[in-house]
Amino acid sequence: MQQKDNAGHLSQEIPYGLRSMVIPPGGLINQAMVIAASRAGALAVLDLEYIRDLKEASNALQNVADKASSEIGIKLDGYAFNFWPELLAQLPKQVRTVILTYSDKQSLDLQVKALHRQGLCVILEVTSLEEASAGKDTAVDELIAKGNEAGGRVGEETTFILLQQIMQEFSIPIWAYGGVGLHTAGACYTAGVKGIVLDWQLALVRESSFSEELKSLFTKMDGSESICVGQTLKQRYRVYARPKSPAIPYLLKQELQFNSVENNIEQLTKWREVVVQAAAEKNTDSLLLLGQDIAFASNLAKRFHTIAGVLHGIRSNIISHCEQAKRLQSLKEGSPLAEAHSTQYPIVQGPMNRISDTAAFISAIAEGGGLPFIAIGMMSIDEIEPILKETTALLGDRPWGVGLLGFISEELLKSQIELILKFKPRFSLIAGGRPGQARALENAGITTYLHVPSPRLLRIYLEEGIKHFIFEGRECGGHVGPTTSFVLWETSINTLLEMIPESSKADEYHVLFAGGIHNYISSAMVATLAALLANRGVRVGIQLGTSYLFTREALETGAICKTFQETLLKEKETVVLDSGGGHAIRCTNSNFVRTFENEKR
């Protein structure tokens with residue numbers, strides 16, 4: 001069935017009721033974007049989260065309500081309850097939905113009851129499973145899972161992870177916020193969300209009110225430019241300021257001061273007001289509440305031009321991705337990549353330092369149908385050789401590989417490669433590697449994957465003839481890159497589709513997705529977002545690492561000890577430690593983390 005939307009586009013009906021929500025980016029009042037989104041059939045939201053001027057908010061709300069063609073929503077700050085009464089007393093009838101940010105459970109209960117008394121639908125924006133649980137307990141109508149990649153207030157978990165966590169625990173309707181693009185929107189639909197939220201993806205459309213100077217800056221961004229402040233306060237904000245701006249150093253200094261006192265609701269409210277005031281500044285050095293999905297804005301604006309065009313494009317892509325994923329089943333047993341690997345499944349075990357260096361563990365993975373990798377890391381050739389010998393003897397003709405670090409000393413890496421060439425494993429992968437390092441192994445008949453942390457590097461690698469890639473998002477364990485899985489996967493897929501000629505032998509290109517994949521839901525999401533690649537002929541698969549730590553075989557083969565696994569089972573979250581110089585590591589939230597942060601301060 002087809003329908004004309006209000007902007008005159010002929011668009012597919014939204015599949016199975018999946019909805020789109022548009023929130024103007026950056027916590028700004030952009031009336032034109034709200035009106036355009038309303039006319040395009042989205043739930044258009046006037047963002048008042050960071051607004052403290054009642055007159056400004058009321059005038060904007062009335063103007064939007066007069067010009068919108070359907071119901072609209074408003075977004076309110078859970079920390080600014082005293083701002084609400086007068087605003088709610090004069091709500092236009094077109095406002096039927098309130099998006100509410102979380103402050104604390106007690107306040108939330110009062111806020112939800114007050115909004116429900118006015119007959120309003122309450123959608124709680126949450127950044128953690130704990131906040132989602134509070135929302136359920138206080139009877140909110142729906143949830144927005146806002147991932148770490150989004151702009152403004154965020155948590156540790158990314159959209160990809162947070163969606164899975166919440167949907168596993170609760171049956172409440174949920175929206176996906178952060179990292180949603182042409183490919184990842186289909187993945188969200190596959191997971192079962194009610195809708196998707198767009199903000200920074202629309203920063204360059206015709207209705208955007210950003211200056212030409214800022215728009216020019218946005219076109220060059222790949223998502224890695226923003227950072228999170230407030231990590232130590234557990235009240236994070238993803239922000240961006242130009243390199244010489246004093247805005248971020250000021251916030252980091254304020255964070256340090258707040259961290260020296262008791263971390264309570266009063267202090268968090270004060271910290272939030274510091275961020276609100278910094279974001280309210282209107283000059284070239286001001287703070288932007290910038291999400292990593294700014295990386296999608298240029299491509300979407302070039303292809304679709306307007307908000308209505310982008311919404312139409314995403315809806316169409318959801319349908320095509322789901323249809324092709326169902327038809328191709330690119331991650332099934334005996335898939336094209338599994339065939340190329342000579343394995344049962346298109347699943348690769350990611351190398352884990354001091355864990356996947358046991359021949360028995362490697363053999364168990366191969367026996368289960370995956371492609372195992374020995375983690376070489378920083379080991380000397382004296383340490384490596386016995387492992388390679390035992391693995392060769394134990395696995396026989398079954399395929400296996402070695403995982404290398406491309407950024408270690410040239411002397412050590414050269415000695416490692418020389419030894420590896422004597423044993424001739426069929427596969428290798430290089431983290432932090434370069435095309436020249438990969439070619440040295442490829443020329444010896446060893447299929448070699450390179451980790452690719454950004455679309456810019458991917459372009460360079462493609463131009464140099466590299467055809468085997470791993471796209472590993474920030475959700476992975478150990479060393480992590482700057483962007484989340486959704487953001488890295490979306491931009492990388494776009495780059496591959498652009499640069500791989502349709503007339504070429506696309507099946508020579510092999511792609512592994514990694515970071516946060518662990519079960520049938522996450523795998524189905526990957527199969528959906530990668531559908532256009534698979535349809536082109538690219539062989540796709542997934543890489544798992546952390547999941548193997550919870551297996552019986554990891555214990556039985558001595559890869560890990562019982563205490564290690566028991567510790568993991570008790571943990572409910574992981575954290576990223578930034579050691580400076582672009583190096584960050586994801587680990588369990590242990591006492592070491594507190595020691596590290598104290599030493600860093």
Side-chain angles (χ1 to χ4, degrees), residues 1-26 30-47 64 67-73 75 94 96-97 99 123 142 144 146 150-151 159 173-191 193-210 218 291 293-323 486 490 494 528-529 532:
M1 178 178 178
Q2 290 184 318
Q3 60 181 17
K4 278 273 189 177
D5 66 22
N6 292 319
H9 288 270
L10 190 65
S11 62
Q12 291 273 3
E13 188 171 19
I14 303 173
Y16 301 102
L18 185 78
R19 297 200 64 190
S20 298
M21 182 187 298
V22 171
I23 303 176
N30 185 323
Q31 297 180 40
M33 292 189 80
V34 178
I35 294 166
S38 170
R39 293 175 178 176
L43 174 54
V45 177
L46 186 68
D47 190 357
V64 167
K67 296 178 180 178
S69 61
S70 60
E71 69 170 280
I72 59 174
K75 186 176 183 183
Q94 292 90 336
R96 301 176 192 171
T97 302
I99 288 83
I123 305 178
E142 300 172 6
I144 293 174
K146 187 178 185 184
T159 304
I174 186 168
W175 299 68
Y177 187 178
V180 178
L182 288 174
H183 310 293
T184 53
C188 293
Y189 170 65
T190 295
V193 301
K194 174 176 180 174
I196 55 174
V197 183
L198 304 177
D199 60 355
W200 283 103
Q201 298 92 327
L202 305 172
L204 296 175
V205 296
R206 195 173 297 160
E207 298 91 345
S208 171
S209 63
F210 288 110
F218 294 158
D293 33 30
I294 185 64
F296 310 165
S298 182
N299 177 56
L300 291 172
K302 286 177 183 176
R303 293 185 61 180
F304 304 113
H305 313 298
T306 64
I307 289 175
V310 171
L311 293 174
H312 166 71
I314 288 179
R315 292 167 188 167
S316 297
N317 270 267
I318 290 172
I319 294 168
S320 62
H321 278 66
C322 291
E323 288 176 348
F486 266 13
E490 178 81 15
N494 284 336
T528 304
L529 65 87
L532 294 190

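In this chain, residues are counted from 1 in sequence order.
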Next on the checklist: Rounded to the nearest 0.5 Å, what separates atom CG in Leu202 from atom CE in Met33?
Outcome noted: 4.5 Å
Checklist outcome for this item: In short, Ala203 meets Ser208 closest at the heavy-atom pair O-OG, 2.6 Å
Checklist entry - Say you draw a straight line from CZ of Phe210 to CG of Leu204; how long is it, rounded to the nearest 0.5 Å? => result 9.0 Å
Checklist entry - Hey, are the side chains of Trp175 and Leu43 touching, using non-hydrogen atoms and a 4.5 Å cut-off? => result yes
Item to check | Contact summary for Ile307 and Ala37, nearest pair of heavy atoms | outcome: CG2-CA, 3.9 Å
Checklist entry - From Met21 CE over to Tyr177 OH, what is the distance, rounded to the nearest 0.5 angstrom? => result 9.5 Å
Checklist outcome for this item: Rounded to the nearest 0.5 Å, the CG atom of Leu529 sits from the OG1 atom of Thr190 at a distance of 8.5 Å
Item to check | Over all atoms of both residues, closest heavy-atom pair of Glu490 and His183 | outcome: OE1-N, 3.0 Å
Checklist entry - So Val45 and Thr97, side chain to side chain contact (heavy atoms under 4.5 Å, CB included) or not? Walk me through it. => result CA-CA 9 Å; Val45 177; Thr97 302; over 6 Å; no
Checklist entry - Looking only at heavy atoms, which two atoms of Gln94 and Ser70 are closest? And how far apart? => result CB-O, 4.5 Å
Checklist entry - What closest approach, in Å, do Arg303 and Leu182 show between heavy atoms, and which atom pair accounts for it? => result NH1-CD1, 3.3 Å
Next on the checklist: Counting C-beta onward and ignoring hydrogens, is there a side-chain heavy-atom pair between Phe304 and His312 closer than 4.5 Å?
Outcome noted: no
Checklist entry - Hey, which of Val197, Ile174, Val193 is the one that makes side-chain contact (heavy atoms from CB on, under 4.5 Å) with Cys188? => result Val193
Checklist entry - Can you name the nearest heavy-atom pair linking Val180 to Asp293, along with the distance? => result N-OD2, 4.3 Å
Next on the checklist: With side-chain contact (heavy atoms from CB on, under 4.5 Å) as the test, pick out the partner of Leu198 among Val205, Ile314, Ile23.
Outcome noted: Ile314
Checklist entry - What is the distance from atom CD1 of Ile196 to atom CD1 of Ile144, rounded to the nearest 0.5 Å? => result 12.0 Å
Item to check | Under 3.5 Å donor-acceptor, Thr159 side chain and Gly178 backbone | outcome: yes
Checklist entry - Measuring from Leu46:CG to Ile99:CD1, what's the distance to the nearest 0.5 Å? => result 10.5 Å
Next on the checklist: Within the structure provided, determine whether Lys67 and Ser38 are in side-chain contact (heavy-atom separation under 4.5 Å).
Outcome noted: no
Checklist entry - For Asp199, does its backbone N or O pair with a side-chain atom of Gln201 as donor and acceptor, under 3.5 Å? => result yes
